[in-house]
Amino acid sequence: MTSHAPRLCCLDLDTFFVSVERLLDPTLLGKPVIVSGQPGERGVVTACSYEVRAFGVRSGMSLTKAAQLARDAIFVPVRHGVYADYARRVRCIASRYSPVVQVASIDEMFIDFAGCEELYRTADDRDADATIERTVRALTTSIQCELGLPSSAGIATSRSLAKVASGLAKPAGVRLVRAGDEARVLAPLPVRKLPGVGPVAERKLHALGIETLGQLACTPLPCLRGVFGAWAKHVWRGARGLGSEALGRDRPAFQEHDPGGETQGSISNERTFREDVSDERTSLDMLCSLCERVCFRARKRQVLARTVSLKLRYADFQTISRSTTLKPSCSELELYPVVLDLYRRARTRPLPLRLLGLALSNLSTAGPQLELFAGYQSLHDSVDRIRQRFGYDSVLLASSRSRALAAQSR
DNA sequence: TCTGGGGTCCTAGGACCC
DNA sequence: TCTGGGGTCCTAGGACCC
């Protein structure tokens, strides 16, 4: 039965951002590279090379810590646009091998090879598993030869296990987990390796004496409910290598056009201040600039938002959010007063601020409702056009402008 | 472990309606 | 006026992923 054979592939680009930077600057090859902001700034490691990992550096680690661990590391700024372009080219290659390709993130995708066995079969293949494994190797080789990017792949009966297998295959390998072998492969792995088990669940499981996926698989379901709640069964099945054999629903970042209809997702921007801020003017300027930014992005996506959420983090890391739902809009002129109100409600302590963020959600595609704020329409059109042509910062609300000038003078 | 920024999804309580 | 139960929406917070 093909439905029980490993046909789901998780393809993961190895240290993707670093690999792209090395393509564009070959002097970085073989050197310890960290893609992030500059050391000394408030920030974390976005991506790092294996040479840096050898010193214990991990993505998500603070830049200060990373600089201490890897003194010779080369810090390279993040260039999302460039990586997105390469990711698109990788997807094109993948779609030559199977029509069913699902994008999971910028450096990861799932490919369903069910039904493709006969297409790729050669006389040398021992069985259908061998055919798929050889095909996936050909795919990773294509990506390496055509783009110069190393990748790893896992092939298994479920999405979650394919992802685990791609981790086992790194660097630049392919790992197929045969049907019936799932539990044995998973058993010795630390619980954290299972997608869905993060730092919090890991800590709780350790407290129960559960360290490996084998132990997790043997734990009675009721014991796991305290840790995972309604997700317990899902996680427990995952630890045994059981899971959906289908890819499931795709998560497109941009929905097909459906005027007036609901659209998935949210648009958010947040900013950690270089230094904690107690000056009210600076906070309000930041809010104004965040508001312009998310509204600009909403108009670019042609969506209206019904819900506006403000996030505020105090110097002591306490994080507060306040949100409100109103008539659909994508105009900062309409939303800024609402944002100010949310800010007043959230800002109850006299402590300096570390971060401010804004999110738009409850999105609908801009259909007839666009006329609701037609009064601002031509203004936004002009501003957006100038920005597309001369860059985002070429037009700013007065409040954002004072912020930008202050930043320049620093 | 001194903790970025973009997201998604889940939970739980309260309001409100039938 | 009190009461049940289900459904839906809103809000706040948190876990997780890359």
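Reminder, nothing fancy here: chain letters follow the sequence lines and each chain counts from 1.
- Note: CG (N269(A)) to C1' (dG5(B)) measures 9 Å, nearest angstrom.
- Ring pair Y97(A)/Y120(A) is parallel by interplanar angle, where below 30° counts as parallel and above 60° as perpendicular.
- Mapped onto DNA chain B by nearest heavy atom, A230(A) and V44(A) fall at different nucleotides, with V44(A) at the one closer to the 5' end.
- Side chain of R306(A), nearest nucleotide from dC2(B), dG4(B), dC10(C): dC10(C).
- In this structure, I34(A) atom CD1 and dG4(B) atom P are separated by 16 Å, rounded to whole Å.
- Atom-to-atom, CZ of R345(A) to P of dT11(C) comes out at 8 Å; the value is rounded to the nearest Å.
- Stacking annotation: W231(A) is not stacked on the base of dC10(B) (requires ring centroids less than 5.5 angstrom apart and an interplanar angle below 30 degrees).
- Using a 4.0 Å heavy-atom criterion, one finds that G37(A) contacts no nucleic acid atom at all.
- Of the candidate nucleotides dG5(B), dG13(C), dT3(B), dG5(B) has the atom lying nearest to any side-chain atom of E270(A).
- One interatomic measurement links the two molecules: CG of D276(A) to P of dG4(B), which rounds to 11 Å at whole-angstrom precision.
- Distances from the side chain of S321(A) to the nucleotides dG4(B), dC10(C), dA12(C) place dA12(C) closest.
- Partner assigned to dC18(B) is dG5(C), using Watson-Crick or G-U wobble distances below 3.5 angstrom.
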For nucleotides 15-18 of chain C, tabulate all protein N/O to nucleotide N/O atom pairs closer than 3.5 Å, reporting atom names and distance.
| unit_1 | atom_1 | unit_2 | atom_2 | d |
| --- | --- | --- | --- | --- |
| dC16(C) | OP1 | G198(A) | N | 3.1 |
| dC16(C) | OP1 | A201(A) | N | 3.1 |
| dC16(C) | OP2 | P199(A) | N | 3.4 |
| dC16(C) | OP2 | V200(A) | N | 2.9 |
| dC16(C) | O5' | G198(A) | N | 3.4 |
| dC17(C) | OP1 | G196(A) | N | 2.6 |
| dC18(C) | OP1 | K163(A) | NZ | 2.7 |
| dC18(C) | O3' | S105(A) | OG | 3.1 |
| dC18(C) | O3' | D107(A) | OD1 | 2.6 |

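- You'll find that the side chain of L355(A) is closest to dG5(B), out of dG5(B), dG4(B), dT11(C).
- Counting only heavy atoms from C-beta outward, the side chains of L287(A) and Y343(A) approach each other to under 4.5 Å.
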